[in-house]
Amino acid sequence: MCWLCSCVAGSWASRCAWFSFCQISSVEGEIFLSSIGSGCSSRLQPCLAMSTATGTFSLQQPLNYRAGGRVEPVDGGQTEDVYEPATGRVITKLLCSGEKEVDLAVQSAKAAFQTWSRTSGMERCRVLLEAARLIRERRDEIATLETINNGKSILEARVDIDISWQCLEYYAGLAGSLAGEHIQLPGGSFGYTRREPLGVCVGIGAWNYPFQIACWKSAPALACGNAMVFKPSPFTPISVLKLAEIFTEAGAPKGLFNVVQGGVATGQFLCHHPDVAKISFTGSVPTGVKIMEMAAKGIKPVTLELGGKSPLIIFSDCSLENAVNGALMANFLTQGEVCCNGTRVFVERKILDTFTKEVVKRTQKIKVGDPLQEDTRMGALINRPHLERVQRFIKQAKEQGAQVLCGGDLYVPDDPKLKNGFYMQPCVLGNCRDDMTCVQEEIFGPVMSILPFDTEEEVVERANNTKFGLAGGVFTRDIQKAHRVVAALKAGMCFINNYNISPVELPFGGYKSSGFGRENGRAAIEYYSQLKTVCVEMGDVESVF
């Protein structure tokens, strides 16, 4: 796995599918979606050589986007296979971008920044609102692309796209309100501050929420007047191209949002580029460390949203049904490939057996299979090496004394076209201890570890005994206890009587090794802008000389 890929926050639920009634035909290199039995057709862009049927998607168009159009990188040369996790098929080959291509993308963004940074907040608002409208209008199309390339269920993918357009709408609303302040000084003099953009910002995304992460990073960046060069994970390079095209169609200057594809070397070229003003990264802790090191050489600010091993605390006075629902949501969204997942489930001993029995029963009912089917609730993991990594964690957990209460095995769907997909059964581990590897390290797969506790003080201490600090959750009917516990948790995002919801209005980010800086909410504006102070003298200048 490349060091410039990894995780990010989750979201869920909603349904509907126009695509399930369509089939593909090709005419002179362009793609048409034809409604079955209707005789009508609607033209899609040539890049979308796709069908709703799993195992039929292929892509031949360039995956870089620069100066308002798709382009092949001018240098690089190294290629990587891009898979459909549901089938194990190679759906395209990614050509990694070299130093020259990265420079061209940065220069394209730099030129667009000169225009965009001088627009008013209201002008930026209109572009972002139009982009949000286009995403909303093409929700099913983008969600289908996301599912094909990522492996998550179409149910989840649609919600990811909803959160994406909501993010653009939210920052469109803030764009026109960005302002400094006026400060009165003695003798009629005064000072004021200006909130100004940083310049060309780099976004480096992850493979679990490809489109949503790109929106989380680009929306506040563009609202503040910046330009962006975005590098998606090489595992999931496809859907972000739709976002780039939508920004251009919405009226953004050509070059305002560029896409460069690649892995380690491409990320290094971006981080070292002298015209890059800021880097925002979502991914693993080791990669975050390397990005900080590279950014430090150029004194570039960074936002890091890294890994987690978050605690979910279930008190005996909880609503059991809500707690079970919360635990499932905290562990099995996107096949467990969510960095803020509450994978350490601490359960008060009084209800341990009852809670565990219900969680196991519900987990065994999760339908695993073709992610484009409406009734699928868990699709395929991102690739075979990652699937094997998760399997090794489960094997090690058993060797260390954990009990597999359900799941954990590889899963082969009945459909023959899915036999090479990257599936496993969601797993619940019991008899866990704090010192086990499965409890200490981020597995990033559908594996829940259940641990008993007896007192509030004990569980808070154990919950905080980790290098991570991304998220945490509490289920209890005692509202005073709930607030007391979340106040004591050393984590950046805490949930009371719920888990893994992602309102764009709320800041998201971590403590400790889980990173710093915030995405979403008004707080993100602070990380994509800078303050200039202006002091105005209205009288004579006094001098000591």
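Since the model is a prediction, treat every value here as computed from it, not as a measurement.
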Rounded to the nearest 0.5 Å, what separates atom [atom1] in [X] from atom [atom2] in [Y]?
| X | Y | atom1 | atom2 | result |
| --- | --- | --- | --- | --- |
| Gln78 | Cys96 | CD | SG | 4.5 Å |
| Leu222 | Trp116 | CG | CH2 | 5.5 Å |
| Leu59 | Lys93 | CG | NZ | 13.0 Å |
| Gln373 | Thr54 | CD | OG1 | 6.5 Å |
| Leu387 | Leu381 | CG | CG | 5.5 Å |

Does any donor atom in the side chain of [X] or [Y] lie under 3.5 Å from an acceptor atom in the other side chain?
| X | Y | value |
| --- | --- | --- |
| Ser239 | Glu146 | yes |
| Asn341 | Ser310 | no |
| Lys217 | Thr303 | no |
| Asn149 | Thr236 | no |
| Thr376 | Lys367 | no |
| Tyr65 | Thr248 | yes |

Is any side-chain heavy atom of [X] closer than 4.5 Å to a side-chain heavy atom of [Y]?
| X | Y | value |
| --- | --- | --- |
| Thr282 | Leu306 | no |
| Arg66 | Leu104 | yes |
| Met378 | Pro446 | yes |
| Ile135 | Arg139 | no |
| Phe257 | Val229 | no |
| Ile204 | Val202 | yes |
| Val240 | Phe211 | no |
| Leu168 | Tyr170 | no |

Decide if atom [atom1] of [X] counts as having more than 12 heavy atoms of other residues, nucleotides or ligands within a radius under 6.0 Å.
| X | atom1 | result |
| --- | --- | --- |
| Asp414 | CG | no |
| Lys254 | NZ | no |
| Lys110 | NZ | no |

**Q.** Residues forming a side chain to side chain contact (heavy atoms under 4.5 Å, CB included) with Tyr511, sequence neighbours excluded
**A.** Lys490, Arg518
Between [X] and [Y], is there a side-chain N and carboxylate O pair less than 4.0 Å apart?
| X | Y | value |
| --- | --- | --- |
| Arg89 | Glu84 | yes |
| Glu137 | Arg133 | yes |
| Asp162 | Arg136 | no |
| Lys297 | Glu293 | no |
| Lys242 | Glu245 | yes |
| Glu337 | Lys152 | no |

Q | Tyr528: partners by ring pair (Phe, Tyr, Trp, His ring centres under 6.0 Å), with sequence neighbours left out | A | none
**Q.** Residues forming a side-chain hydrogen bond (donor to acceptor under 3.5 Å, both in side chains) with Gln107, sequence neighbours excluded
**A.** Asp103, Asp275
(Q) Below 30° counts as parallel, above 60° as perpendicular, anything between as tilted: where do the rings of Phe235 and Trp207 land? (A) tilted
Q) Hey, mind stepping through Glu156 and Arg377 against salt bridge (charged side-chain N to carboxylate O under 4.0 Å, His left out) and telling me if it holds? A) CA-CA 8 Å; Glu156 283 192 47; Arg377 291 299 175 266; over 6 Å; no
Q: Start with the C-alpha distance between Lys395 and Glu388, add both sets of side-chain angles, then the distance that settles salt bridge (charged side-chain N to carboxylate O under 4.0 Å, His left out), and finish with yes or no.
A: CA-CA 10 Å; Lys395 180 176 182 291; Glu388 293 171 349; over 6 Å; no
Q: Check step by step if side chain to side chain donor-acceptor pair (under 3.5 Å) holds for Asn150 and Asn208.
A: CA-CA 7 Å; Asn150 169 274; Asn208 55 349; over 6 Å; no
